[in-house]
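Step one of this worksheet: look at the structure below.
Sequence positions, counted from 1, serve as the residue numbers for this chain.
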Amino acid sequence: MDCSLFTDPLFHSFAQKRPFATLTQMVLRRLLEPRELDDLFQNEAQRQYFRTLRFSDLTGLVCGVVLGKHKSMNAGYKDLKDRLGVSVRAVYDKLQNIELPLSRQLVRNSYRQTIEICKAIRCVQNNDIAGYRTRILDGNWLSGTEHRLKETRTSTAAPLPGKSLGVYDPRYQAACDFIPIEDAYAQELSGLDAVIETLASKDLWLADRNFCTLKFFYSIAAKSGCFVIRQHSKLHGTEKGKLRKIGQSETGIIYEHELALPEYEGQQMTVRRVVVHLFEPTRDKDVEVVLLTNLPVEDADAVVVSDLYRTRWKIETAFGHMTTAMNCEIKPLCYPKAALFCFACALVAYNSFAISKGAIAAEHGRAEAERLSHYYLATEIALATDGMLVALPDDRWEEMEQIDQETFAAEVKRIIAAMDMSRYRKSTRGPKKKPPKRTNKRKSTHVSTKRILDQRK
């Protein structure tokens with residue numbers, strides 16, 4: 001079917017001059033389709049209810065703040081007051097009581113739609129080992145909020161609203177799961193049972209040593225999955241045979257032998273123990289990295305296992321982009337449920353970026369997509385979206401939620417084909433120079449820049 005929005009001269013003007021902001025608006029209309037979000041709420045909510053304020057409107061408000069369309073929650077409320085239909089106090093009350101399963105399902109729902117859209121656009125990247133579906137697991141702490149809670153106003157300690165476990169799919173470069181944890185002091189492993197419930201056959205899990213537990217290993221194996229996880233010093237086993245040199249990677253010389261893991265719930269498993277003797281120590285001063293894996297050697301030798309583990313940084317990079325290019329942590333939202341819901345909305349926004357970057361990779365090549373700067377992309381969204389929605393109000397975009405995937409994909413490709421990619425590339429710089437040793441003058445805590453420049457003359 002034809003969408004009248006696509007024939008509107010105003011839409012074409014924004015698509016030509018602010019293509020990424022237009023593209024993001026199109027994608028978000030698919031990921032945040034109101035009826036689907038409200039149905040999600042009806043199915044998942046246990047205690048909370050919405051009468052006047054819909055869950056879809058609340059999600060749209062928070063996503064607008066995350067992407068910089070609104071400078072703050074209060075500013076966003078003022079822009080959307082007529083649509084929300086409730087007081088600003090009611091908005092904050094709803095946010096601070098958002099149930100954690102809702103935040104998780106919001107991310108999972110966006111991932112499901114991300115897969116559908118990427119397949120329609122034909123922008124799926126082949127980053128998995130043949131026959132496996134890679135999953136990268138990592139924890140993320142939310143930084144301190146403002147001291148808005150009465151109990152925190154007399155303390156200088158930063159109030160921490162919680163943490164989460166994130167699961168990343170490198171094939172679609174998207175967040176596929178999110179396990180929120182309210183207690184910032186809780187161990188990451190407290191959320192591991194929720195991850196174990198999602199295990200499936202042929203999953204390949206990559207994780208750091210914090211997740212090196214027998215329960216996780218045996219649970220993955222029981223589901224016919226595989227893992228590459230760094231060995232924790234507290235996990236011991238029985239080493240079998242001497243280390244054999246296998247080869248060399250960019251980071252070090254690689255050795256391998258077998259390790260019999262301790263028995264767990266009547267089960268016994270032997271895994272491959274891959275040891276990488278590093279050419280340069282890590283930032284934690286480690287001179288070697290030890291990996292445990294149950295991948296068959298015919299599917300991945302020790303060198304491939306080592307290289308595979310190094311891709312774990314992709315999820316940390318995703319968290320970094322969300323921190324620097326988005327408002328993934330809204331400081332006034334000090335209640336844990338509100339802060340974690342905000343982070344979930346940021347993951348949805350990140351998935352919209354993943355769709356757009358994947359489409360750009362399909363049209364202009366993967367190398368061009370890797371050169372994109374999230375800062376420039378986010379800046380265009382923040383500056384152009386408000387004007388776009390004034391010229392093309394919400395009711396004009398409703399057709400975007402109804403069109404079929406083929407029509408949507410064709411329009412996405414048309415916009416991307418005309419994009420000037422040079423506007424969004426990262427700024428390049430030469431290699432970093434080793435910083436000079438600085439003098440420490442205990443009696444002086446500051447210096448006048450002008451006097452330094454005067455001495456230069």
Gln113-Glu36 side chain donor-acceptor pair, cut-off 3.5 Å: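 Their side chains do contain a donor-acceptor pair, which is all the 3.5 Å distance test asks for.
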
Polar contact flag, side-chain donor to acceptor under 3.5 angstrom, Ser143-Lys331: yes

Candidate pair Thr293 and Leu291, rule side-chain contact (heavy atoms from CB on, under 4.5 Å), full reasoning: CA-CA 7 Å; Thr293 182; Leu291 308 174; 6.0 Å; no

[atom1] ([X]) with more than 12 external heavy atoms under 6.0 Å:
X      : atom1 : answer
Glu401 : CD    : yes
Gln187 : CD    : no
Tyr376 : OH    : no
Arg153 : CZ    : yes

State, to 0.1 Å, how close [X] and [Y] come at their nearest heavy-atom pair, and which atoms those are.
X      : Y      : value
Glu188 : Lys163 : N-NZ, 4.3 Å
Ala175 : Tyr111 : O-CB, 3.5 Å
Val276 : Gly252 : CG1-CA, 4.1 Å
Cys123 : Gly358 : CB-O, 3.0 Å
Cys345 : Leu106 : SG-CD2, 4.0 Å
Phe11  : Leu5   : CB-O, 3.3 Å

With a 4.5 Å limit on heavy-atom distance, are the side chains of [X] and [Y] in contact?
X      : Y      : answer
Trp141 : Leu160 : no
Tyr309 : Val305 : no
Lys357 : Leu372 : yes
Met73  : Val62  : yes
Thr134 : Thr311 : no
Tyr218 : Glu265 : no
Cys334 : Pro159 : no
Ile315 : Leu206 : no

Ignoring hydrogens and geometry, is there a side-chain-to-backbone donor-acceptor pair from [X] to [Y] under 3.5 Å?
X      : Y      : result
Asp57  : Leu84  : no
Lys223 : Ile196 : no
His147 : Ala157 : yes
Ser352 : Ala349 : yes
Asp177 : Val167 : no
Asn294 : Phe227 : yes
Arg272 : Leu295 : yes
Arg133 : Leu204 : no
Gln173 : Ala354 : no
Asp169 : Arg171 : yes

Stepwise ring pair (Phe, Tyr, Trp, His ring centres under 6.0 Å) check, Phe20 with Phe353: CA-CA 9 Å; Phe20 197 83; Phe353 275 42; 5.4 Å; yes

Would you compute the distance between atom [atom1] of [X] and atom [atom2] of [Y] and round it to the nearest 0.5 angstrom?
X      : Y      : atom1 : atom2 : value
Ser219 : Gln267 : OG    : CD    : 11.0 Å
Phe6   : Glu399 : CZ    : CD    : 9.0 Å
Arg104 : Glu44  : CZ    : CD    : 9.5 Å
Thr385 : His70  : OG1   : NE2   : 9.5 Å
Arg29  : Ile403 : CZ    : CD1   : 12.5 Å
Leu165 : Ile181 : CG    : CD1   : 4.5 Å

Qualifying residue, where the test is side-chain contact (heavy atoms from CB on, under 4.5 Å) with Leu340 and the options are Leu142, Ile98, Ile179: Leu142

side-chain contact (heavy atoms from CB on, under 4.5 Å) evaluation trace for Asp394 with Leu389: CA-CA 7 Å; Asp394 281 336; Leu389 295 182; 4.3 Å; yes

So does [X] pair up with [Y], basic N to acidic O under 4.0 Å?
X      : Y      : value
Asp286 : Arg230 : yes
Arg425 : Glu368 : yes
Arg135 : Asp203 : no
Arg310 : Asp307 : yes
Arg89  : Asp93  : yes
Glu363 : Lys413 : no
Lys71  : Asp79  : no
Glu116 : Arg30  : no

Pair Tyr350 + Phe343: ring centers closer than 6.0 Å: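 No, they do not, as the ring centres are separated by 6.0 Å or more.
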
Verdict with reasoning, Phe216 to Val195, per side-chain contact (heavy atoms from CB on, under 4.5 Å): CA-CA 9 Å; Phe216 197 30; Val195 176; 4.3 Å; yes

Worked check of side-chain contact (heavy atoms from CB on, under 4.5 Å) between Thr379 and Tyr375: CA-CA 6 Å; Thr379 298; Tyr375 171 80; 3.8 Å; yes

